[in-house]
Amino acid sequence: MENSSPYRDGLPTTSSSASLKSERRSKSKSIQTSKPSLIMAFFSCVAWLYVAGRLWQDAENRTLLANLLKKNWGQRPKVLTVEDKLMVLGCKDLERRIVEAEMELTMAKSQGYLKNQLHQSGSSSGRKLLAVIGVYTGFGSRLKRNVFRGSWMPKGDALTKLEERGVVIRFVIGRSANRGDSLDRNIDEENHMTKDFLILDGHEEAQEEFPKKAKFFFSTAVQNWDAEFYVKVDDSIDLDLDGLIELLQSRRGQDSAYIGCMKSGVVIAEEGRPWYEPDWWKFGDEKSYFRHAAGSVFILSKNLAQYIHINRLLINTTDLERRISFGYGRF
């Protein structure tokens, strides 16, 4: 019994070999399971670094944009007014100098302009008239004209005597769009009988051409008569002729006179509205017309009428009263 015991202890047993095998298996399994974990951990680190880098880059971009906005905020252009735009373009000062030059040129020319013609076309006595009064009329206003001839406006010999006193009165009318038609013939026949018309051959008597009528009237009147004043009157009013003559006599010798019921008004800048002003931008931010006379009656001295005649090809019709009030207004 004693001899067999050591022998058995020196030999490996079945249980010990089994434990070794199981230990080896567990090590191999742990190695196999750790590889995917390492790969996942690697890719997680790469993904984290990528996201962190993008966030860092976005933060830098936001900082850069914020700094640019802050820098440009102080340098942003202000909202320019119409006056600012004109000043930037240099138009305002240029327009002022042009107007001043025109006024000086007109004043120089008006001293002796059409002297010979005016002397020949004045009154029959050769002396200067007090006033030429133009009463606007139309083709369909014969009844109004007859009413005027029977009220404040003299006719026949009385009209001639008034001209000898220095006051000429004429109905002012243009020509028909169809020259020589019945409208024109009727006016010619009426004028042949009454001899109280000033017919503007260069003007078309139409609603759309009405703003040009003042330019044609003053230009024609100053060529035909040498007078102190030239008066435009609408046929919608009853004129106090004696009061007008008294007013004009009190202002004899006054140059650059622009007389009437003075007013101002808002410039309409919206296209399509009544009285739309295409040149609204010329009036600045206030968009208000210069002070001017109401259209029913207004009076110009001789040099202003000559100004219109001299510059008739240059003056825009919508600028007519604006130029007069801007350069010569006395009231």
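Count residues from 1 along the sequence.
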J.: I'd like to check E163 versus V167 (side-chain heavy atoms, cut-off strictly below 4.5 Å). Are they in contact?
T.: no
J.: Report the C-alpha distance between L129 and V168 in whole Å, list the side-chain angles of each, state the deciding distance to 0.1 Å, and finish with yes or no for side chain to side chain contact (heavy atoms under 4.5 Å, CB included).
T.: CA-CA 8 Å; L129 299 171; V168 173; 3.6 Å; yes
J.: Take a 6.0 Å sphere around NZ of K195 and say whether it holds more than 12 heavy atoms from other residues, nucleotides or ligands.
T.: yes
J.: Heavy-atom count around E208 CD within 6.0 Å, excluding the residue itself: above 12?
T.: yes
J.: Which pair of non-hydrogen atoms, one from N224 and one from L198, has the smallest distance, and what is that distance?
T.: ND2-CD1, 3.7 Å
J.: Applying the side-chain contact (heavy atoms from CB on, under 4.5 Å) test to F229, which of L300, L248, L244 qualifies?
T.: L248
J.: Report the C-alpha separation of I133 and R170 in whole Å, then their side-chain angles, then the decisive distance to 0.1 Å, and conclude whether the side chain to side chain contact (heavy atoms under 4.5 Å, CB included) test is met.
T.: CA-CA 6 Å; I133 303 174; R170 293 290 186 272; over 6 Å; no
J.: With sequence neighbours left out, write down each residue that passes side chain to side chain donor-acceptor pair (under 3.5 Å) with D196, or none if nothing qualifies.
T.: R149, T194
J.: How long is the straight-line distance from CD of E164 back to CG of L159, given to the nearest 0.5 Å?
T.: 10.5 Å
J.: Given the rule in the side-chain hydrogen bond (donor to acceptor under 3.5 Å, both in side chains) test, do R251 and Q254 qualify, once you have shown the distances and angles that lead to the verdict?
T.: CA-CA 6 Å; R251 290 178 176 256; Q254 179 178 342; 3.2 Å; yes
J.: Kindly write out the residues that satisfy side chain to side chain donor-acceptor pair (under 3.5 Å) with D240, not counting sequence neighbours, or none if the list is empty.
T.: none
J.: Show the nearest heavy-atom pair for residues Y136 and D234, with the distance to one decimal.
T.: CD2-OD1, 4.0 Å
J.: Should K302 and D255 be marked as a salt bridge (charged side-chain N to carboxylate O under 4.0 Å, His left out) after you check the CA-CA gap, both sets of side-chain angles, and the distance that decides it?
T.: CA-CA 7 Å; K302 177 184 173 181; D255 286 334; over 6 Å; no
J.: Any donor-acceptor pair under 3.5 Å linking the side chain of T220 with the backbone of F217?
T.: no
J.: Between Y230 (side chain) and W225 (backbone), is there a donor-acceptor pair under 3.5 Å?
T.: yes
J.: Taking the side chain as every heavy atom from C-beta outward, state whether L162 and K155 have any atom pair closer than 4.5 Å.
T.: no
J.: Please report the closest heavy-atom contact between P154 and L241, naming both atoms and the distance.
T.: CD-CD2, 4.2 Å
J.: Check whether any side-chain heavy atom of V135 lies under 4.5 Å from a side-chain heavy atom of I169, and answer yes or no.
T.: yes
J.: Measure the CD-CZ distance between Q249 and R252 for me, rounded to the nearest 0.5 Å.
T.: 6.5 Å
J.: Flag the pair I199 / D184 as yes when at least one side-chain heavy-atom distance between them is below 4.5 Å, and no otherwise.
T.: no
J.: Roughly how far apart are I237 CD1 and L239 CG, rounded to 0.5 Å?
T.: 5.5 Å
J.: Are E204 and K212 close enough, and set up right, to give a salt bridge (charged side-chain N to carboxylate O under 4.0 Å, His left out), and what steps lead you there?
T.: CA-CA 9 Å; E204 180 182 323; K212 299 179 182 178; over 6 Å; no
J.: Does the side chain of M153 reach to within under 4.5 Å of the side chain of R145, using non-hydrogen atoms?
T.: no
J.: With a 4.0 Å cut-off on N to O distance, would you call E205 and K213 a salt bridge?
T.: yes
J.: Hey, does I245 have a side-chain heavy atom less than 4.5 Å from the side chain of L130?
T.: yes
J.: I'd like to know if the side chain of S301 and the backbone of S256 have a donor-acceptor N/O pair within less than 3.5 Å.
T.: yes
J.: Looking at every heavy atom in both R312 and S219, which two are closest together, and how far apart are they?
T.: CD-OG, 3.4 Å
J.: Using the side chain to side chain contact (heavy atoms under 4.5 Å, CB included) rule, take I259 and F298 through it: C-alpha gap first, then chi angles, then the decisive distance, then the call.
T.: CA-CA 6 Å; I259 306 169; F298 64 87; over 6 Å; no
J.: Can any side-chain N or O of S44 pair as donor or acceptor with the backbone N or O of M40 at less than 3.5 Å?
T.: yes
J.: Quick one: salt bridge (Lys or Arg N to Asp or Glu O under 4.0 Å) partners of D201, sequence neighbours excluded?
T.: R175
J.: Tell me whether K232 forms a cation-pi arrangement with F218, defined as NZ or CZ under 6.0 Å from the six-membered ring centre and within 45 degrees of its axis.
T.: no
J.: Just by distance, do the side chain of N191 and the backbone of I187 share a donor-acceptor pair under 3.5 Å?
T.: no
J.: Which residues pass the salt bridge (Lys or Arg N to Asp or Glu O under 4.0 Å) test with E270, not counting sequence neighbours?
T.: R273
J.: What is the minimum heavy-atom distance between I173 and G138, and which atoms define it?
T.: CD1-C, 3.6 Å
J.: Which residues pass the salt bridge (Lys or Arg N to Asp or Glu O under 4.0 Å) test with D181, not counting sequence neighbours?
T.: none
J.: Listed by chain and number, what are the ring-ring contact (aromatic ring centres under 6.0 Å, His included) partners of F171, not counting sequence neighbours?
T.: F197
J.: Over all heavy atoms of both residues, which pair between S176 and L183 is shortest? Give the atoms and the distance, please.
T.: OG-CD1, 4.0 Å
J.: So do the side chains of D235 and F148 get within less than 4.5 Å of each other, counting heavy atoms only?
T.: yes
J.: Around atom CZ of R179, are there more than 12 heavy atoms of other residues, nucleotides or ligands at under 6.0 Å?
T.: yes
